[in-house]
Protein chains: 2
Amino acid sequence: MTLREIFAANLKAHRKAQGLSQEDLAHRADLDRTYISALERQLYSASLDVIEKLAAVLAVPPAALLRLPEETGPG
Amino acid sequence: MTLREIFAANLKAHRKAQGLSQEDLAHRADLDRTYISALERQLYSASLDVIEKLAAVLAVPPAALLRLPEETGPG
DNA sequence: TGTGACTACGGTGTATACTCGCCAAATTGA
DNA sequence: TCAATTTGGCGAGTATACACCGTAGTCACA
């Protein structure tokens, strides 16, 4: 399980939990739609700046996007 | 407090906690020495792949590098 | 004084993150 | 079946992450 995979899964899960389409999320995070699609397919290694933007829109601590689902705790 | 700042502080703290120099860390993580220096000075937005490498060397969950010091919990 | 360990900092080159435009496949719902 | 929404995929361009080389500064200690 690579960090890309974990991040991709968390991104998709939180996005759907918020009822957002890739396009919605992209627009709110000021990112490109196709890039969100690519992130969920693990084509890119997202940077801290992007992680920060996405976490803000998804209303979760940035660290939450790097954790496995079974793990708990803040951030 | 940007995510870059948090990451930079955590990177430096964990590196020193392990008694590693920037060069030691760079070598073990298969990264460049000057790049580690730059990360600690917040010049770059590290990617997931780099975060994964550094976390492995520092023996901490990747998510731990994105959390504020006062926060607790796994990963 | 000077020597070694560590780090800041510069320039340059390459790899890759990220944007943008467009079209096709898939999904959803009337 | 049709239309609307969502997502995948690709080519091309720009921005930036990251590697590699060197130099200089700081600090500890002989």
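Everything quoted here is computed from the prediction, not taken from an experiment. Lettering of chains follows the sequences in order, A, B, ..., and the numbering in each one begins at 1. Computed from heavy atoms alone, side chains included, the values below leave out hydrogens, waters and symmetry copies.
- The residues Glu40(A) and Arg15(A) are annotated as salt-bridged, a charged nitrogen and a carboxylate oxygen being separated by less than 4.0 angstrom.
- Heavy atoms of Ala46(B) sit under 4.0 angstrom from primed sugar atoms or phosphate atoms, though from no base atom.
- The side chain of Ser21(A) lies closest to dT6(D), out of dT6(D), dA17(D), dA19(D).
- Straight-line distance from the OH atom of Tyr44(A) to the P atom of dC10(D): 11 Å, rounded to whole Å.
- Counting non-hydrogen atoms under 4.0 angstrom, Thr34(B) reaches a base of the nucleic acid.
- As a whole-Å value, the separation of Lys53(A) NZ from dA17(C) P is 16 Å.
- Around CD of Glu23(A), the count of heavy atoms belonging to other residues, nucleotides or ligands within 6.0 Å does not exceed 12.
- For dC21(D), neither phosphate oxygen OP1 nor OP2 lies less than 4.0 angstrom from any side-chain nitrogen or oxygen of Arg33(B).
- Put simply, CG on Leu31(A) is 13 Å from P on dT16(D), counting in whole angstrom units.
- Rounding to whole angstrom units, CG of residue Asp49(A) and P of dA15(D) are separated by 16 Å.
- At least one side-chain nitrogen or oxygen of Arg4(B) sits closer than 4.0 Å to the OP1 or OP2 atom of dA17(D).
- The distance from atom CD of Gln42(A) to atom C1' of dG9(D) is 16 Å, rounded to the nearest whole Å.
- Taking all atoms of both residues into account, the shortest heavy-atom contact from Thr2(A) to Glu52(B) is CA-OE2, 3.4 Å.
- The NZ atom of Lys12(B) lies 14.5 Å from the CG atom of Leu20(B); values are rounded to the nearest 0.5 Å.
- Applying the 4.0 Å criterion to OP1 and OP2 of dT5(D), one finds that Gln22(A) has every side-chain N and O outside that range.
- Heavy atoms of Asp24(A) sit nowhere under 4.0 angstrom from any nucleic acid atom.
- Between the CG atom of Leu25(B) and the P atom of dA19(D) there is a distance of 12 Å, given to the nearest Å.
- Side-chain contact check for Ile6(B) versus Leu66(B): every heavy-atom pair is 4.5 Å or farther apart.
- Side-chain N/O atoms of Ser37(A) include one lying less than 4.0 angstrom from OP1 or OP2 on dG8(D).
- Nucleotide dA8(C) holds its C1' atom 14 Å from the CD atom of Glu23(B), rounded to whole Å.
- In this structure, CG of Leu48(B) is placed 11 Å from C1' of dA17(C), rounded to the nearest angstrom.
- Candidate nucleotides dT7(D), dC20(D), dC9(C) were compared by shortest atom distance to the side chain of Arg15(A), and dT7(D) ranks first.
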